[in-house]
Amino acid sequence: MNSRRIMTFFSIIFVALFAAFIVWPRAAMTQQQQTSQKSQQTPTIDEYQPKSTLVTKEHKIERAKFPFIDIHSHHWNPTPEEVDRLVKEMDTINLRVMVNLSGGTGEELKKTVAVMKGRYPDRFVVFANMNYDDLNTPGFGKRVAARLEEDVKNGAQGLKIFKNFGMDLKYGGGERVHVDDPEFDAVFEKCAELKIPVLIHVAEPSAFFDPWDYRNERWQELKEFPGRARPPAKYPPFETLMTERNHLFAKHPKTNFIAAHLGFHGNDLARLGKLFDENPNVYVDIAAVLAELGRQPYSAHDFLVKYQDRVVMGKDIYEVNEYKWYFRALETRDEYFEYYRKRHAFWRIYGFQVPDDVLKKIYYKNALKLVPGIDARSFAD
Ligand SMILES: [Zn+2]
C-alpha cells in the first residue's frame with residue numbers, strides 16, 4: 001500500500017465514521033421531529049374524524065313506530081328471489097308497502113308488476129317511466145300518454161320522471177327538453193285523468209350547480225363523483241330548472257306532483273312552504289335529504305307540523321339498515337348523531353320528533369291518499 005492509498009483508505013473510514021456518528025443521528029432526529037410535527041399539522045378533511053365526547057340520550061330505533069310506505073325506491077327488473085328477500089327485510093322494519101319507481105314501460109313494466117305485485121299484491125306498488133326513443137317523431141307526447149294508459153291497465157299506479165328530464169334529455173337538434181315543454185302536456189293531463197301521481201326529480205342539490213371550491217358544502221361528494229357537478233357550460237342554472245318546474249306544477253293543477261327530495265329546497269324550507277302555498281297539487285318526499293331536516297330540527301319540526309298533509313316518507317337507494325336514521329330523526333329528539341352518508345352531510349344531525357298524528361301522515365296516510373289502489377286495511381287508522 002503506498003501512501004496515497006493509505007490516505008484514501010483513511011479518508012473513507014473518516015467519512016464513514018462521520019456519517020455514522022454525526023450526520024445519521026441528526027437525520028434520524030429530524031425524522032422523529034418531523035413525525036411529531038406532522039401529527040400537529042392540519043389534517044385533510046378525510047383525515048379529520050373527531051370522536052364526539054358528548055354524552056346524551058340515544059335511542060336506537062330499528063323498527064318504525066307505525067307501518068309505513070316507502071314512496072321512493074328503485075328495483076330494476078327484480079328476480080322472484082330478490083323480491084322474496086325484500087319482503088322479509090321489509091317486515092323487520094315495519095315497511096308495509098314499497099313503491100318501486102323503476103317499473104319502465106310496456107313489457108318491462110308488466111314483468112316487474114308480475115314479479116312484485118303478482119306475488120305480493122298488498123306489499124308493492126310499481127310506477128311507470130317514460131320511454132324517449134321516439135322523442136323526435138311528431139306526436140311523441142300523445143304516444144307517451146297512450147303508453148302510460150296501457151301501463152296503468154297493466155298495473156302501474158303512478159309515473160316517475162327521472163332527473164335526465166330537464167337536464168340531459170335533448171331533441172335531435174340538440175335543444176334541451178325543458179321541464180315545462182308543452183309536448184309533454186298530454187302526459188300530465190293523462191295522469192290527472194287516470195288519477196295517478198307524478199313523482200318527479202327536477203335538478204339536483206343547488207350546490208352541484210355552484211363552483212367546486214372550498215366554499216361548496218358538497219365539496220366532498222363532488223370530489224368523489226365529479227360527474228355530479230352541473231357546470232353552467234353544460235347545464236341550465238338551478239334557478240332556470242326551478243322556474244320551469246314551478247310553471248309545470250302551475251299549468252297542471254289537477255295533476256298531483258310529488259317533488260322528489262324535498263324539491264331540493266330542504267335547505268330553504270320557507271321557499272318550499274311558499275311552493276306548497278301556491279300549488280295545492282304539490283307534495284314532496286324526504287328521500288335522501290334527511291340531513292337537510294336533521295341540521296335544522298326546530299324548523300324541520302315546525303315545517304312538518306304545518307305542512308303535515310304534503311310530505312311523504314321515502315328513502316331512495318334501498319338498504320334495509322339505513323332506514324333507522326329516518327326513524328330516529330322523525331321519532332326522537334336525539335341530538336348530534338352521525339348521518340349514514342358522509343358525502344351528503346359532513347355535519348351531524350338532530351331528531352325533530354313529530355307528533356304521532358303527523359308521523360302517521362308522513363309514514364302512510366298521505367301516500368294512501370295520493371297513490372290509488374293501496375290496501376288501506378293493513379294500516380291501523
Ligand atoms: Zn330516486
Side-chain angles (χ1 to χ4, degrees), residues 68-78 82-83 86 89-90 93 95 97-105 108-109 112 116 124-132 151 156-169 179 191 196-209 218 221 224-225 227-230 235 238 241-242 245 248-249 256-267 272 282-293 310-323 325-326 329 339-341 343-345 362-363 366-367 370-371:
F68 71 100
I69 298 170
D70 178 357
I71 201 133
H72 194 137
S73 202
H74 298 283
H75 305 269
W76 287 271
N77 297 307
E82 279 165 16
V83 176
L86 214 53
E89 290 182 356
M90 286 160 63
I93 57 171
L95 205 182
V97 176
M98 176 181 280
V99 179
N100 179 10
L101 297 177
S102 301
T105 179
E108 189 190 353
L109 177 105
T112 303
M116 299 188 101
F124 294 105
V125 163
V126 180
F127 275 29
N129 309 124
M130 290 194 275
N131 179 338
Y132 304 118
D151 288 340
Q157 287 162 273
L159 173 68
K160 163 72 196 283
I161 299 179
F162 295 105
K163 63 178 155 195
N164 57 339
F165 188 76
M167 288 200 288
D168 295 297
L169 186 66
V179 180
C191 292
I196 56 164
V198 179
L199 198 147
I200 186 166
H201 178 139
V202 178
E204 283 284 65
S206 62
F208 288 4
F209 295 80
R218 299 295 274 268
E221 181 165 0
E224 217 176 312
F225 300 98
R228 293 189 182 173
R230 296 282 178 264
Y235 291 95
F238 178 78
L241 291 166
M242 295 299 101
R245 179 200 68 183
L248 170 73
F249 293 164
N256 284 330
F257 292 94
I258 304 161
H261 315 301
L262 289 168
F264 293 113
H265 294 322
N267 55 355
L272 183 55
V282 172
Y283 301 78
V284 292
D285 72 39
I286 59 171
V289 285
L290 186 70
E292 294 291 357
L293 299 173
R310 314 292 285 275
V311 181
V312 288
M313 170 73 174
K315 166 72 177 68
D316 208 352
I317 293 172
Y318 175 76
E319 169 49 67
V320 70
N321 296 311
E322 289 176 347
Y323 285 86
W325 272 269
Y326 288 72
Y339 192 53
Y340 65 90
R341 198 152 285 140
R343 64 171 177 266
H344 286 182
I362 295 168
Y363 273 172
N366 294 337
L370 279 165
V371 183

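Start at 1 with the first residue, then count along the sequence. Order of listing sets the numbers, starting from 1, for every ligand and every atom in it. Keep in mind that the numbers below use all heavy atoms, side chains included, and drop hydrogens, waters and symmetry copies.
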**OP:** Mind checking the CD1-CG spacing from Ile258 to Leu370? Nearest 0.5 Å is all I need.
**Re:** 5.0 Å
Subject >> Partner set under side chain to side chain contact (heavy atoms under 4.5 Å, CB included) for Pro205, not counting sequence neighbours >> reply: Phe208, Arg218, Phe264
Original post:
Residues in side chain to side chain contact (heavy atoms under 4.5 Å, CB included) with Ala367, at least two apart?
Top reply: Ile69, Ile71, Val312
Original post:
Between Asp316 and His72, is there a donor-acceptor pair closer than 3.5 Å when you use the side chain of the first and the backbone of the second?
Top reply: no
Subject >> Under the side chain to side chain contact (heavy atoms under 4.5 Å, CB included) test, residues paired with Glu319 that sit two or more places apart >> reply: Asn321, Glu322
Subject >> Pair Glu204 + Arg228, salt bridge at N-O below 4.0 Å >> reply: no
Original post:
Which protein N, O or S atoms lie under 2.8 Å from the Zn ion (ligand 1)?
Top reply: His72 NE2, His74 NE2, Asp316 OD1
